[in-house]
Student: 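Could you have a look at this structure, given as structure tokens, before my questions?
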Amino acid sequence: MPLHNVEIAKMLDQTGELLEIQGGNPFRARAYRRAARVVGGLGKSIQTLIAADKDLTELPGIGDDLAAKITAIATTGRFDLLEQLKHELPGDLGDIAALPGVGPKRLKLLYDRLGVRTLDELRRCAAAGRLRDVKGLGGKFEIRLREALQKPAGPSRFRLSVVEDEADALLAFLRDAGGVGAVVAAGSFRRRRETVGDLDILATARDGWKIGDRLIAYENVVKTLAHGPMRTSVELRSGLQVDLRVVPAASLGAALIYFTGSKAHNLALRRLAQRRGWKLNEYGLFDQDHRIAGSTEQAVYRKLGLSYIPSELREDRGEIAAARTHSLPALVSLADIRGDLHVHSNWSDGAVPIAVMAEAARARGYGYIALTDHSQHLAITHGLDVERLSRQTDEIDRLNARREDFTILKGIEVDILTDGTLDLPDSILARLDLVVAAVHSRFDLSAKAQTDRIIRAMDNPHVSIVAHPTGRLIGDRDAYAVDMERLIEAAAGHGCHFEINAEPDRLDLSDLHARAAKAAGVKLAISTDAHSADGLDFMRFGVDQARRGWIEPGDILNTRQLPALRKLLKR
DNA sequence: GCCGTTTTCGGCCCGACTGTTTTCAGTCG
């Protein structure tokens, strides 16, 4: 059975983990982990690359050996080395290693001295107090482990928008303290990843203890995990962990780079520095003991011979090579957006009338919106039939007649039915400015059927944009099975476009898919799918994901003035 | 296991905090 990239990546990662637990050469284990990350972050599927006879050793961190192993995994669905490791190291060692405070060394102690192989066995040993007697472990470790074992596994990652709410309040609280300079959020939050594991905050302050004390005193803190002169870690009521790092102002730039990550990006930068005989850490870029850069990120990148790399690109996905040749993309920004192409009103399941949505969009500096209510098949949303849609277009004509400087485009978010036909007849679709097509049912189809279904919808020449193409809800629902490469290919061939749905729980297309679409020449709309005026503000999350996908203003439909946009919407 | 404008062998990022060590290993980011 041929496997997808994520599945291959998972097997490689598991292999790396087990190799690490087993001991032996740690760099070998690291090589598997790196390969896992590279495969997981690939825009194209390994299957496609193999089919096209591409040389996998051209991928970073993949040599002859791993290329052969990846090919074997991809084609057979099996990985002998992993099977062998699982046989040699039975039990849920991976789950045990995931516990806080348990790394490969302590895991080995538990395994060798106590014979612990499963979480249940560990729980029994911890309860019986047998851990503290093992030389190298101890009472504190046992207590911490017992707590971790009791705690129900909470959400390990939080949606970006959720963390943003927490961060805004917490940053304001910390900035209010005396003797504090900069207080900024870094980490995956600053890279604008769709989900955030923990919130990293960087501060410059005269006294690191003091701002740490203030963090601990924050009302939502339930637990202090670590507290020192440079670093304090706490857990909030929501379960979100916050890491506060304090550095001198002269180190702010280097610390921002270090604390923003990603880890892989930092490793690559440090290797670059190392090759020049320098050292890069959170305090600066050093030639021997002499700091040659550090107060700003720009200066550090410049010294390393790189253009400034926007935080959204720092994933070690080719940005360092591009920065070296000064060929980074000029990323789209919120200021480039001139309108919103997916908006609902109270004609279907939106909260407010068309005029209110239009006014809210105008207040945000837009020149147009596309009103795209649901179609009849989605009865629960009070979806529009031909007659109501027809009346809605008349209403929009009346509203448009009132304003010179703002246009409401007549649209629909039409359901793609199970067989790929559309929920409304061509006769009415032809009268609209744009048709957004979307799947809202039968998420259970096979990948082939789902892909055929959406391609058939794109065959209809009235369809301009496919909305939320994979149907995922972050943390709630996986994407339906669909062959994204075939969809992108079809869209490119049809002159059809995809949406980056900006709702923080959708962000669909994802960053990787957006990048793949761009590579194929497919243009994208960044749309909010707003069901109320406030919903229009989700635009920033869509723009952030687009930036993570290396997207430039020219790749986006709704960066254009209305006449240019209209041309692109016609097929 | 990967990789090379110092190397095809000998390296592989770097520092803070904790707990158990009695001067530092393990974990984490």
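Each chain gets a letter, A, B and so on, in the order its sequence line appears, and its residues count up from 1.
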Student: Taking the P atom of each, how far is B:dG15 from B:dG10, in whole Å?
Tutor: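 Going atom to atom, P in each nucleotide, I get 26 Å.
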Student: Just wondering, more than 12 heavy atoms not from A:Glu88 lying within 6.0 Å of its CD?
Tutor: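 Correct, the count exceeds 12.
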Student: Using a cut-off of strictly less than 4.0 Å between a heavy atom of the residue and any atom of DNA chain B, enumerate the qualifying residues of residues 117-142 of chain A by number.
Tutor: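 Heavy-atom contacts with DNA chain B come from A:Leu137, A:Gly138, A:Gly139, A:Lys140, A:Phe141.
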Student: Report yes if some heavy atom in the side chain of A:Leu215 is under 4.5 Å from a heavy atom in the side chain of A:Leu170; otherwise report no.
Tutor: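 The answer is yes, as the side chains (C-beta and beyond) meet within the 4.5 Å cut-off.
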Student: Starting at CG of A:Leu19 and ending at P of B:dG1, how long is that distance when rounded to a whole Å?
Tutor: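 Taking atom P of B:dG1 as the reference, CG of A:Leu19 is at 8 Å.
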Student: Near DNA chain B, under 4.0 Å by heavy atom, which residues of residues 306-324 of chain A?
Tutor: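 Contacting residues: none.
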Student: Taking B:dT27 as the reference, what is the distance to B:dT21 when you measure between their P atoms (whole Å, please)?
Tutor: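 Looking at atom P only, B:dT21 and B:dT27 are 15 Å apart.
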Student: Can you list every ring pair (Phe, Tyr, Trp, His ring centres under 6.0 Å) pair that touches residues 73-124 of chain A, not counting sequence neighbours?
Tutor: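 The answer is none; no pair qualifies.
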Student: Please measure how far the C1' atom in B:dT8 lies from the corresponding atom in B:dG1, and state the result in whole Å.
Tutor: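 These two C1' atoms come out 14 Å apart once rounded.
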Student: Hydrogens and angles aside, do A:Asp508 and A:His513 bring a side-chain donor and acceptor to less than 3.5 Å of each other?
Tutor: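 Side-chain D/A pair, A:Asp508 to A:His513: absent.
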Student: With P as the reference atom in both, quote the distance from B:dC2 to B:dT6 in angstrom, rounded to an integer.
Tutor: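 One P to the other, the span is 23 Å.
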Student: For B:dG11 and B:dC17, measure between their C1' atoms and round to the nearest Å.
Tutor: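 Pairwise C1' distance, B:dG11 against B:dC17, rounds to 28 Å.
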Student: State which of B:dG15, B:dG1, B:dT18 makes the closest approach to the side chain of A:Ala226.
Tutor: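 Comparing B:dG15, B:dG1, B:dT18 against the side chain of A:Ala226, the answer is B:dT18.
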Student: Relative to the 5' end of DNA chain B, which residue comes earlier, A:Arg231 or A:Pro104, by the nucleotide with the nearest heavy atom?
Tutor: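 Upstream on the strand: A:Arg231.
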Student: Could you grab the distance from atom CD1 of A:Ile526 to atom CZ of A:Arg540, nearest 0.5 Å is fine?
Tutor: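 Here the rounded value is 14.0 Å.
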Student: Quick one: A:Arg144 CZ to B:dT20 P, roughly how many Å, whole number?
Tutor: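 My rounded result for the distance is 11 Å.
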Student: Does the side chain of A:Val247 reach to within under 4.5 Å of the side chain of A:Phe259, using non-hydrogen atoms?
Tutor: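 Not in contact.
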Student: Say you draw a straight line from CG of A:Leu524 to CG of A:Asn501; how long is it, rounded to the nearest 0.5 Å?
Tutor: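 A:Leu524 atom CG to A:Asn501 atom CG measures 12.5 Å (nearest 0.5 Å).
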Student: A:Asp64 CG to B:dG4 C1': how many Å, rounded?
Tutor: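 Roughly 15 Å, once rounded to whole Å.
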Student: Tell me the interatomic distance from A:Glu20, atom CD, to B:dC28, atom C1', rounded to whole angstroms.
Tutor: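 About 12 Å, once rounded to whole Å.
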Student: Can you tell me whether the side chain of A:Tyr258 and the base of B:dG29 have a donor-acceptor pair closer than 3.5 Å?
Tutor: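 Answer yes: a donor N or O sits under 3.5 Å from an acceptor.
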Student: Are A:Leu137 and A:Leu110 side-chain neighbours, meaning at least one heavy-atom pair lies under 4.5 Å?
Tutor: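 When only atoms from C-beta onward are counted, A:Leu110 and A:Leu137 do touch, with a gap below 4.5 Å.
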Student: Is there a donor-acceptor pair under 3.5 Å between the side chain of A:Thr296 and the backbone N or O of A:Ala299?
Tutor: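 Checked: pair present.
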Student: Please give the distance between the C1' atoms of B:dC13 and B:dG29 as a whole number of Å.
Tutor: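 My reading of the C1' atoms in B:dC13 and B:dG29 gives 12 Å.
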Student: A:Glu20 pairs by salt bridge (charged side-chain N to carboxylate O under 4.0 Å, His left out) with which of A:Lys108, A:Arg30, A:Arg33, A:Lys105?
Tutor: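 Of A:Lys108, A:Arg30, A:Arg33, A:Lys105, salt bridge (charged side-chain N to carboxylate O under 4.0 Å, His left out) with A:Glu20 is met by A:Arg33 alone.
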Student: Please step through side-chain hydrogen bond (donor to acceptor under 3.5 Å, both in side chains) for the pair A:Asp120 and A:Thr118, ending with a clear verdict.
Tutor: CA-CA 5 Å; A:Asp120 269 342; A:Thr118 67; 5.5 Å; no
Student: Expressed as a whole number of angstroms, how long is the span from A:Asn281:CG to B:dC14:P?
Tutor: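 Taking atom P of B:dC14 as the reference, CG of A:Asn281 is at 8 Å.
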Student: Closer to the 5' end of DNA chain B via nearest nucleotide, is it A:Asp65 or A:Met230?
Tutor: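 Looking at the nearest nucleotide for each, A:Asp65 comes out on the 5' side.
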Student: Check DNA chain B against residues 106-116 of chain A and give the residues with a non-hydrogen atom under 4.0 Å, in numerical order.
Tutor: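 Output list: A:Arg106.
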Student: Between B:dC2, B:dG15, B:dC17, which nucleotide has the shortest distance from any of its atoms to the side chain of A:Leu66?
Tutor: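 Closest of the options to the side chain of A:Leu66: B:dC2.
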Student: When rounded to the nearest 0.5 angstrom, what distance separates CD in A:Gln84 from CG in A:Leu18?
Tutor: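 Here the rounded value is 11.0 Å.
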Student: Could you state the CG-C1' distance from A:Leu272 to B:dT5, rounded to the nearest angstrom?
Tutor: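 So the two atoms are 13 Å apart, to the nearest Å.
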Student: Would you mind telling me which of A:Val242, A:Ile201, A:Val180 makes a side-chain contact (heavy atoms from CB on, under 4.5 Å) with A:Leu174?
Tutor: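 Checked A:Val242, A:Ile201, A:Val180 against A:Leu174; only one passes side-chain contact (heavy atoms from CB on, under 4.5 Å): A:Ile201.
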Student: Scan every strand shown for a Watson-Crick or G-U wobble partner of B:dT8, both distances under 3.5 Å, and answer none if you come up empty.
Tutor: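 Check on B:dT8: unpaired, no WC or wobble geometry under 3.5 Å.
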Student: Have A:Ser233 and A:Asp243 got a donor and an acceptor in their side chains that come within less than 3.5 Å?
Tutor: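 A donor-acceptor contact under 3.5 Å links the two side chains.
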Student: Using the P atom in both, what is the distance from B:dT20 to B:dC28, to the nearest Å?
Tutor: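 Nearest-Å result for B:dT20 against B:dC28 at atom P: 15 Å.
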Student: For B:dT7, does the glycosidic angle fall within 90° of 0 (syn) or outside that (anti)?
Tutor: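 That one's syn.
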Student: Specify the separation, in whole Å, of atom CG of A:Leu202 and atom C1' of B:dG15.
Tutor: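 In whole Å, B:dG15 C1' lies 14 Å from A:Leu202 CG.
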Student: What nitrogen or oxygen pairs link the protein and nucleotides 9-13 of chain B at under 3.5 Å?
Tutor:
residue: B:dC13; atom: OP1; partner: A:Arg30; partner atom: NH1; Å: 2.7
residue: B:dC13; atom: O2; partner: A:Arg270; partner atom: NH1; Å: 2.2

Student: Decide yes or no for A:Trp550 and A:Asp555: does some side-chain heavy atom of the first lie under 4.5 Å from some side-chain heavy atom of the second?
Tutor: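 No - every pair of side-chain heavy atoms lies 4.5 Å or more apart.
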Student: Rounded to the Å, how far apart are A:Asp200 CG and B:dA16 P?
Tutor: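 Atom-to-atom, A:Asp200 to B:dA16, this comes out as 16 Å.
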Student: Starting the side chain at C-beta, find the nucleotide from B:dT27, B:dG1, B:dG29 nearest to A:Lys105.
Tutor: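 Minimum distance to the A:Lys105 side chain belongs to B:dT27.
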Student: Hey, can you pull the residues of residues 94-102 of chain A with a non-hydrogen atom under 4.0 angstrom from DNA chain B?
Tutor: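 Residues of residues 94-102 of chain A under 4.0 Å from DNA chain B: A:Leu99, A:Pro100, A:Gly101, A:Val102.
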Student: Flag the pair A:Glu315 and A:Arg515 as a salt bridge only when some basic side-chain nitrogen lies within less than 4.0 angstrom of an acidic carboxylate oxygen.
Tutor: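 Result for this pair is no, no salt bridge flagged.
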Student: Ring-plane angle category for A:Phe173 and A:Tyr218, please: parallel below 30°, perpendicular beyond 60°, tilted otherwise.
Tutor: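 Rings of A:Phe173 and A:Tyr218: tilted, 30 to 60°.
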Student: Exactly one of A:Glu312, A:Glu552, A:Arg192, A:Arg191 should register a side-chain contact (heavy atoms from CB on, under 4.5 Å) with A:Arg547. Which one does?
Tutor: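 The single option meeting the side-chain contact (heavy atoms from CB on, under 4.5 Å) with A:Arg547 is A:Glu312.
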Student: Using the C1' atoms only, state how far B:dT18 lies from B:dT5, rounded to an integer number of Å.
Tutor: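 Rounded to whole Å, the distance is 43 Å.
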